Amino acid sequence: MSVNLASFLYLVSGVLFIMALRGLSHPTTSRQGNTYGMVGMGIAILTTLALARPTLGGFFLILLGLAIGGGAGALIARRIAMTSMPQLVAAFHSLVGLAAVMVAAAAMYAPGSFGIGLVGAIHGQALVEMSLGVAIGAITFTGSVIAFLKLDGRMSGKPILLPMRHVVNAALGALLVLLIILLVGTQSYAVFWLIVLVSLALGVLLIIPIGGADMPVVVSMLNSYSGWAAAALGFTLGNLALIITGALVGSSGAILSYIMCKGMNRSFISVILGGFGGETAAAVDDGIERTVKQGSADDAAYLMANASKVIIVPGYGMAVAQAQHALRELADRLKANGVEVKYAIHPVAGRMPGHMNVLLAEANVPYDEVFELEDINSEFAQADVAYVIGANDVTNPSARDDKSSPIYGMPILDVDKAKTCLFVKRSLGSGYAGIDNTLFYKDGTMMLLGDAKKMTEDIVKAMDH
Amino acid sequence: MSVNLASFLYLVSGVLFIMALRGLSHPTTSRQGNTYGMVGMGIAILTTLALARPTLGGFFLILLGLAIGGGAGALIARRIAMTSMPQLVAAFHSLVGLAAVMVAAAAMYAPGSFGIGLVGAIHGQALVEMSLGVAIGAITFTGSVIAFLKLDGRMSGKPILLPMRHVVNAALGALLVLLIILLVGTQSYAVFWLIVLVSLALGVLLIIPIGGADMPVVVSMLNSYSGWAAAALGFTLGNLALIITGALVGSSGAILSYIMCKGMNRSFISVILGGFGGETAAAVDDGIERTVKQGSADDAAYLMANASKVIIVPGYGMAVAQAQHALRELADRLKANGVEVKYAIHPVAGRMPGHMNVLLAEANVPYDEVFELEDINSEFAQADVAYVIGANDVTNPSARDDKSSPIYGMPILDVDKAKTCLFVKRSLGSGYAGIDNTLFYKDGTMMLLGDAKKMTEDIVKAMDH
Amino acid sequence: MENNSVETALDQLDRAVANLRLTLDNADSVADAVHVASGGVVDPFVFRLAIFVLAIFVGYYVVWSVTPALHTPLMAVTNAISSVIVVGALLAVGISASGLATGFGFIALVLAAVNIFGGFLVTQRMLAMYKKKER
Amino acid sequence: MENNSVETALDQLDRAVANLRLTLDNADSVADAVHVASGGVVDPFVFRLAIFVLAIFVGYYVVWSVTPALHTPLMAVTNAISSVIVVGALLAVGISASGLATGFGFIALVLAAVNIFGGFLVTQRMLAMYKKKER
Ligand SMILES: NC(=O)c1ccc[n+]([C@@H]2O[C@H](COP(=O)([O-])OP(=O)(O)OC[C@H]3O[C@@H](n4cnc5c(N)ncnc54)[C@H](OP(=O)(O)O)[C@@H]3O)[C@@H](O)[C@H]2O)c1
Ligand SMILES: NC(=O)c1ccc[n+]([C@@H]2O[C@H](COP(=O)([O-])OP(=O)(O)OC[C@H]3O[C@@H](n4cnc5c(N)ncnc54)[C@H](OP(=O)(O)O)[C@@H]3O)[C@@H](O)[C@H]2O)c1
């Protein structure tokens with residue numbers, strides 16, 4: 001295959017990837033978008049095969065690799081629970097990072113195959129691009145592994161704050177730059193692997209001080225990193241598909257991080273510097289005696305059955321309890337009784353962007369009943385019941401009213417404007433931000449203490465009576 | 001200057017042009033955007049000078065050309081009336097088209113200066129790109145001249161429907177293709193100029209059958225064309241700034257044409273095939289006697305002074321009458337009386353996209369009092385008075401209610417929902433689409449027949465009493 | 001003898017030339033091989049096409065994000081930036097030897113300059129008119 | 001005499017070589033000149049940079065246009081497409097002579113394949129769940 005044709009085909013696959021992301025602008029076009037993505041990947045792979053013209057042995061090896069990896073990937077995709085998506089994405093990012101390192105290593109040991117020179121005489125520019133790729137890739141790898149472990153609960157979410165960590169990290173960063181310069185000068189394998197080692201260490205050190213709950217931002221950031229690593233290697237290999245894709249993925253991760261930080265009203269820097277959200281802060285104790293109105297499933301069933309409009313506000317607790325299916329049943333029951341039911345989603349409800357939407361979709365909730373904050377917030381005033389299930393921070397009025405609150409300025413869902421606010425959670429404890437929620441003590445609020453799934457099922461049962 | 005640096009700088013100027021368009025996403029950033037555009041142009045010019053390293057004589061000639069053209073351009077920009085913007089844009093497009101033809105001619109006679117080969121031995125690919133550029137440029141030139149003449153009223157807006165025009169146009173198109181092939185084979189100057197001639201003729205023939213009122217769509221289409229011509233020459237010259245800019249301008253014109261056609265609920269093809277909107281159709285005469293309530297300036301002054309909310313709907317007639325300043329005075333007077341005043345702009349009010357906005361801005365109407373159709377349409381129900389000044393089609397309820405109407409499906413401003421609808425126009429005649437407006441005969445409507453500016457001034461005077 | 005030696009010399013010459021050719025050929029093919037893999041010999045046309053395609057995407061998004069109230073300035077500013085065709089005119093006037101080409105270039109230069117100054121300045125004039133309500 | 005003729009021959013050889021050099025040099029510089037003006041010798045890096053910059057713009061706009069309800073699938077699909085790094089792995093496995101490079105390439109290939117299949121399939125599974133209200 002001529003390189004011109006190959007380059008053109010790589011361009012085509014880059015454009016198909018753009019169309020894949022473009023498809024996600026609406027659920028109806030999203031499936032087609034995903035297909036574009038698969039076709040784009042197919043074109044990239046076939047083009048490379050036609051260009052490399054592998055030997056029979058090589059070809060067999062390639063098929064073997066694709067079969068092993070593809071089989072494992074397909075299995076994981078089929079088996080994974082929707083509630084584990086945050087972990088899964090983190091795990092997948094770590095693989096991309098490691099793959100980038102391995103590709104760079106292969107290029108280091110067989111530069112001829114990549115057309116970047118001969119062993120010991122690799123072009124300087126290629127070496128710089130490659131080291132950038134390998135460093136970012138390695139950081140992505142270990143960083144994502146830590147994020148995975150924290151999200152999956154295999155490692156405590158508590159931030160691990162090493163002494164002098166900023167100094168250590170800066171020193172490692174400087175060392176990295178030095179090593180890259182050294183690599184361009186010496187082309188030594190040892191230096192190459194030193195770069196890998198230092199970057200792996202840096203990846204760990206950068207992520208361990210960040211609290212488990214901040215991991216979603218980290219995952220997005222690492223997503224962005226994996227894009228930049230791919231783009232850097234794209235420059236080395238002179239591959240248009242890699243360059244375009246890298247830029248797309250890089251932008252995507254950066255924008256999602258930005259959206260999350262804005263939704264939490266925190267700065268990206270403060271997230272990255274870490275030390276937040278590991279433990280729930282001690283409950284505020286300002287000496288004022290506060291009373292809480294507690295209710296039962298029966299109370300809730302009565303209130304909702306007699307309502308004309310119910311808005312459901314799901315949060316992280318719904319994901320923990322896997323309550324989405326029970327919730328859907330409840331909504332069906334209400335709708336059958338002629339109650340108008342809508343879902344209100346806060347941009348950072350749950351633990352990853354779009355987390356609630358995917359869970360509701362899994363429970364067959366139609367997406368046109370699910371509304372974003374700005375589209376539904378004015379409707380709470382007309383609602384009889386706001387059914388808050390496992391959400392907490394995203395409803396906290398202190399973000400709106402109390403200037404001294406650490407989450408002041410974060411947009412919230414105005415559930416307190418509804419006639420009655422039903423709060424399903426297990427305790428009066430705080431949520432991710434560790435801040436007491438004054439809503440619990442308000443007149444219009446009824447606390448339904450218990451597991452979200454159990455409580456919702458009980459309400460449905462209570463309606464049967 | 002090294003070609004690498006030059007290419008990089010051309011890329012920078014392309015990015016600055018992107019930033020220029022990006023700035024137009026909001027009035028507050030738009031001025032900065034325009035500055036980016038100027039800087040980008042400056043970089044492109046300086047880079048080219050550094051690359052070409054002209055002789056002293058050449059340098060003098062360049063300064064002279066820039067001074068003549070720049071002086072004329074600056075003068076026009078200072079003098080032109082805002083109401084003549086459609087004509088001006090058409091005139092400017094014709095210049096871009098002619099400039100493209102001239103650049104291609106220069107490349108034909110001195111290919112060496114452009115690095116595309118030697119006289120009589122120009123690279124085939126460059127010839128193809130060049131002929132595309134020159135053909136599109138020439139069509140843009142004469143097409144824009146006709147559009148200018150029609151818009152400026154120097155030529156009748158009546159569509160000129162030659163017999164067999166589709167056949168003739170198709171034949172000319174085929175001839176063009178043949179000539180381009182011939183040019184690649186022979187590299188003959190005669191063929192080159194034949195291409196120019198045929199394209200010039202085609203430009204005229206394509207535009208004369210299109211009615212004067214459809215010219216805005218044509219102007220946008222020609223804008224798009226001028227972009228594609230620039231991009232084609234960008235390929236010839238291997239110039240990144242030209243390629244990027246061409247694509248930007250090409251997209252922009254195409255999108256604006258699309259927006260206009262959608263706003264009119266007509267297909268682009270039907271516009272381009274022509275024969276529409278030249279003359280106003282005969283008024284519908286269905287035998288039903290219809291009565292019209294006519295009012296005076298005094299009536300209008302009384303109604304508006306006692307209103308609590310007035311929505312102003314400007315249309316093409318306001319531009320014709322240059323009534324924007326008088327209108328602003330009226331609004332000021334009303335606001336001083338405690339009346340809430342808003343402006344409602346239909347996407348295709350007037351004769352070019354954003355036409356009304358620019359005129360209102362000229363009369364110092366703040367842009368946050370000016371609303372788009374979808375943002376204000378629901379407010380007419382709460383308004384006491386809709387003051388329709390020189391608008392007609394964009395308020396015609398038959399577009400909403402009458403399936404047999406030729407403009408059925410076009411979105412309209414629901415002025416009939418307001419308590420009273422004041423209609424300022426000179427007669428009961430129809431507007432651009434040539435369709436009778438049933439609103440004139442409705443109970444809540446009061447016709448204020450007269451010139452828009454005069455009538456508005458009279459209303460202001462009447463308020464003084 | 002002389003004849004002989006000349007012949008030898010010519011022979012040597014031939015061989016030297018042949019060797020030279022071989023070396024050159026080799027160098028070429030090595031360079032080619034390197035290029036093929038690295039994409040170094042990719043025709044710049046492909047790169048330009050990629051840039052063109054991506055710029056169309058950018059244009060699409062950036063123009064849709066323009067607020068309708070500024071569509072008239074948009075038309076004026078796109079007109080101004082499309083006059084970047086002036087770079088062709090500058091090359092023609094600045095480098096060309098042929099009088100005709102210089103003439104064409106000069107015309108193009110003047111026309112483009114009208115557009116550049118006219119387009120940007122009229123846009124500036126328009127944009128200066130868009131004001132917020134003063135409160 | 002022999003010496004003389006050899007010397008002559010050598011001289012000739014020298015001159016021939018010199019001539020050859022001259023011609024070659026000339027050809028080179030002509031080619032260079034043509035390239036400079038046409039941009040033919042523009043370093044592909046510049047083109048790639050342009051493509052990279054424009055792709056960032058496209059990415060910016062295309063991602064902002066993704067509806068928030070699909071942000072989770074977006075994360076999965078970007079993960080899948082970033083595995084296009086597999087092209088590097090394929091080159092390493094397909095062409096490489098060195099055993100080590102083939103090994104590294106094979107690992108990269110397997111990892112990327114997990115991502116490609118896993119990423120696209122899990123996205124498909126998620127997207128299949130998004131349904132409209134049936135009426
Ligand atoms: N979505 C994102 O992308 C993202 C990213 C980073 C950070 N965040 C942060 O995450 C938070 C999300 O807000 P949120 O309101 O969804 O969650 P939240 O504020 O973290 O509150 C979740 C609540 O669910 C309750 N809960 C836990 N398990 C439960 C179960 N099995 N049954 C019933 N309730 C249960 C917990 O209360 P009990 O312990 O009393 O049951 C907890 O208060 C925000 O602060 C946001 O800034 C989000
Ligand atoms: N904006 C665009 O981009 C664009 C592009 C292409 C086509 N169009 C078309 O243009 C039309 C625009 O709608 P429109 O409502 O703004 O205009 P219109 O329907 O064309 O009506 C304009 C009205 O203004 C009146 N008028 C003219 N001169 C006047 C004066 N001096 N004083 C008072 N009234 C005067 C005319 O009535 P009298 O003769 O009775 O006075 C006429 O009925 C639409 O049909 C649209 O599809 C717009």
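Everything quoted here is computed from the prediction, not taken from an experiment. Order of the sequence lines sets the chain letters (A, B, ...), proteins ahead of strands, with each chain counted from 1.
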Report the option among [options] that has the most heavy-atom pairs separated by less than 4.5 Å from atoms of chain A.
options: D:Val63, D:Leu49, D:Val114; answer: D:Val114
options: D:Gly59, D:Ser65, D:Ala76, D:Ala113; answer: D:Ala113
options: D:Leu70, D:Leu100, D:Val86, D:Ile116; answer: D:Leu70
options: D:Phe45, D:Tyr61, D:Tyr60, D:Phe57; answer: D:Phe45
options: D:Val53, D:Asn115, D:Thr123; answer: D:Asn115
options: D:Val122, D:Asn79, D:Ile107, D:Val77; answer: D:Asn79

Check whether any side-chain N or O of [X] sits under 3.5 Å from a backbone N or O of [Y] as a donor-acceptor pair, and report yes or no.
X: A:Asp368; Y: D:Lys132; answer: no
X: A:Arg31; Y: D:Gln124; answer: no
X: D:Arg125; Y: A:Ala77; answer: yes
X: A:Asn34; Y: D:Phe120; answer: yes

CA sep, side-chain torsions, deciding dist, call: D:Thr67, A:Glu372, side-chain contact (heavy atoms from CB on, under 4.5 Å): CA-CA 10 Å; D:Thr67 167; A:Glu372 287 166 46; 4.1 Å; yes
With rounding to the nearest 0.5 angstrom, report the [atom1] to [atom2] distance, [X] to [Y].
X: A:Ile244; Y: D:Arg48; atom1: CD1; atom2: CZ; value: 12.0 Å
X: D:Thr78; Y: A:Phe17; atom1: OG1; atom2: CZ; value: 11.5 Å
X: D:Lys131; Y: A:Asn364; atom1: NZ; atom2: CG; value: 4.0 Å
X: D:Leu121; Y: A:Ile80; atom1: CG; atom2: CD1; value: 13.0 Å
X: D:Phe106; Y: A:Leu64; atom1: CZ; atom2: CG; value: 4.0 Å
X: A:Ile243; Y: D:Ile51; atom1: CD1; atom2: CD1; value: 6.0 Å

Plane angle bin for A:Phe235 and D:Phe52 - parallel if under 30°, tilted between 30 and 60°, otherwise perpendicular: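 Correct class here is perpendicular.
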Could you look at [X] and say if it's the side chain, the backbone, both or neither that has a heavy atom under 4.5 Å from chain D?
X: A:Phe371; value: neither
X: A:His26; value: backbone
X: A:Thr28; value: neither
X: A:Ile259; value: side chain
X: A:Leu11; value: neither
X: A:Glu362; value: both
X: A:Ser30; value: both
X: A:Pro347; value: neither

Which heavy atom in [X] sits nearest to a heavy atom in [Y], and how many Å separate them?
X: D:Phe104; Y: A:Ala105; result: CD1-CB, 3.6 Å
X: A:Tyr109; Y: D:Ala101; result: CB-CB, 4.0 Å
X: D:Leu91; Y: A:Ala52; result: CD2-CB, 3.9 Å
X: A:Ala44; Y: D:Val87; result: O-CG1, 4.0 Å
X: A:Ser113; Y: D:Ile95; result: O-CD1, 3.6 Å
X: D:Ser83; Y: A:Val96; result: OG-CG2, 4.3 Å

Side-chain heavy atoms of D:Leu111 within contact of A:Phe141, under 4.5 Å: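 A side-chain contact is absent here, since even the closest heavy-atom pair is not under 4.5 Å.
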Close side-chain approach of D:Met75 and A:Met85, heavy atoms under 4.5 Å: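 SC-SC contact between D:Met75 and A:Met85 ruled out.
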Heavy atoms only, distances under 4.5 angstrom: which of [options] has the most pairs with chain D? Name it, please.
options: A:Val358, A:Val219, A:Thr35; result: A:Val358
options: A:Ile68, A:Ile45, A:Leu233; result: A:Ile45
options: A:Val103, A:Ile18, A:Leu24; result: A:Leu24
options: A:Val249, A:Val89, A:Leu98, A:Leu88; result: A:Val249
options: A:Ala363, A:Gly58, A:Ala99, A:Ala20; result: A:Ala99
options: A:His355, A:Arg22, A:Arg53, A:Met41; result: A:Met41

Residues D:Tyr130, A:Val370; criterion side-chain contact (heavy atoms from CB on, under 4.5 Å); working and verdict: CA-CA 11 Å; D:Tyr130 284 79; A:Val370 181; over 6 Å; no
Residues, nucleotides or ligands: over 12 heavy atoms within 6.0 Å of A:Tyr225 OH: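 Check fails, neighbour count at 12 or below.
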Short side-chain donor-acceptor distance under 3.5 Å, D:Thr72 and A:Asn357: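 Side chains of A:Asn357 and D:Thr72: no pair found under 3.5 Å.
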Those residues that, when tested against A:Phe59, pass ring-ring contact (aromatic ring centres under 6.0 Å, His included) (two or more places apart):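 A:Phe59 satisfies ring-ring contact (aromatic ring centres under 6.0 Å, His included) with no other residue.
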With A:Val101 via side chain to side chain contact (heavy atoms under 4.5 Å, CB included) - residues at least two apart: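 Once residues adjacent in sequence are excluded, the partners of A:Val101 under the side chain to side chain contact (heavy atoms under 4.5 Å, CB included) criterion are A:Val134, A:Ala138, A:Val196.
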